[in-house]
Amino acid sequence: MKSISKIAGILFLGLTTSACSDNSKTTVAQFKETKAECTPSAIPNAFIVHWKDGTTTVIRGQTREDFERNVFEPNKKFIAFAEQDHSIALSPLSLSPSYS
């Protein structure tokens, strides 16, 4: 039963994080504004860069403007997309086994 709760937790995490990102396929790097409904979970001065080579980097300590100027713009041709980092809170799932 632990595996069911782990799978449910992973699915929940995927669904909640996908709501705050726009993963539309594009060949031009994107860095969109954080959606209003996602602002409460946004971590200030923290950004996630998804590189075209498949790696991911978390950049902390820069304002949005500094991040755009110092990281995003100079590396645009190597970036798939960048986004604001968010905190995610998971509630404990209560899945009780059912026996027949």
Side-chain angles (χ1 to χ4, degrees):
M1 283 297 137
K2 285 187 177 187
S3 63
I4 292 174
S5 63
K6 284 182 183 179
I7 292 170
I10 291 169
L11 289 173
F12 175 77
L13 180 62
L15 291 173
T16 57
T17 57
S18 65
C20 286
S21 64
D22 179 10
N23 294 331
S24 57
K25 297 291 179 193
T26 182
T27 56
V28 178
Q30 293 186 349
F31 183 46
K32 295 184 176 183
E33 291 290 329
T34 301
K35 295 177 183 178
E37 63 269 19
C38 299
T39 301
S41 66
I43 300 173
N45 302 328
F47 306 94
I48 301 174
V49 180
H50 301 270
W51 302 91
K52 289 182 179 177
D53 69 0
T55 59
T56 303
T57 307
V58 178
I59 308 292
R60 299 191 189 280
Q62 295 192 31
T63 65
R64 183 177 183 88
E65 294 77 21
D66 289 341
F67 172 79
E68 283 186 90
R69 183 177 52 253
N70 299 328
V71 178
F72 186 76
E73 287 301 326
N75 297 292
K76 209 174 194 175
K77 63 183 176 185
F78 304 111
I79 295 174
F81 68 98
E83 59 188 334
Q84 181 90 38
D85 196 2
H86 293 270
S87 62
I88 304 297
L90 296 178
S91 299
L93 299 174
S94 63
L95 296 175
S96 58
S98 61
Y99 299 101
S100 33

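All values reported here derive from a predicted model rather than from experimental measurement.
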key: Minimal non-hydrogen separation, Trp51 against Thr57, with atom names   = NE1-OG1, 2.8 Å
inquiry  = Has Glu83 got a side-chain atom pairing as donor or acceptor with Phe47's backbone, closer than 3.5 angstrom?
reply    = no
Kindly list each side-chain donor-acceptor pair under 3.5 angstrom involving residues 68-79, sequence neighbours excluded, with atom names and distances?
{"from": "Arg69", "atom 1": "NH2", "to": "Asp66", "atom 2": "OD1", "distance (Å)": "2.3"}
{"from": "Asn70", "atom 1": "ND2", "to": "Asp66", "atom 2": "O", "distance (Å)": "3.2"}
{"from": "Asn75", "atom 1": "ND2", "to": "Val71", "atom 2": "O", "distance (Å)": "2.8"}

query = What residues, two or more places apart in sequence or in another chain, satisfy salt bridge (Lys or Arg N to Asp or Glu O under 4.0 Å) together with Glu65?
reply = none
request  = Could you tell me which residues satisfy side chain to side chain donor-acceptor pair (under 3.5 Å) with Thr56, sequence neighbours excluded, listed by chain and number?
outcome  = none
task = Decide whether a cation-pi geometry holds between Arg60 and Phe67; the criteria are a distance under 6.0 Å from NZ or CZ to the six-membered ring centre and an angle within 45° of the ring axis.
result = no
remark   = Under a side-chain separation threshold of 4.5 Å, the hydrophobic residues clustered together with Ile48 are Val58
note = Between Asn45 and Thr63, the two heavy atoms sitting closest are OD1-CA, 3.3 Å
message = Test of understanding: with side chain to side chain donor-acceptor pair (under 3.5 Å), list the residues that count as partners of Thr39, not counting sequence neighbours.
response = none
query = What are the two closest non-hydrogen atoms of Phe31 and Arg64, and how far apart are they?
reply = CZ-NH1, 3.3 Å
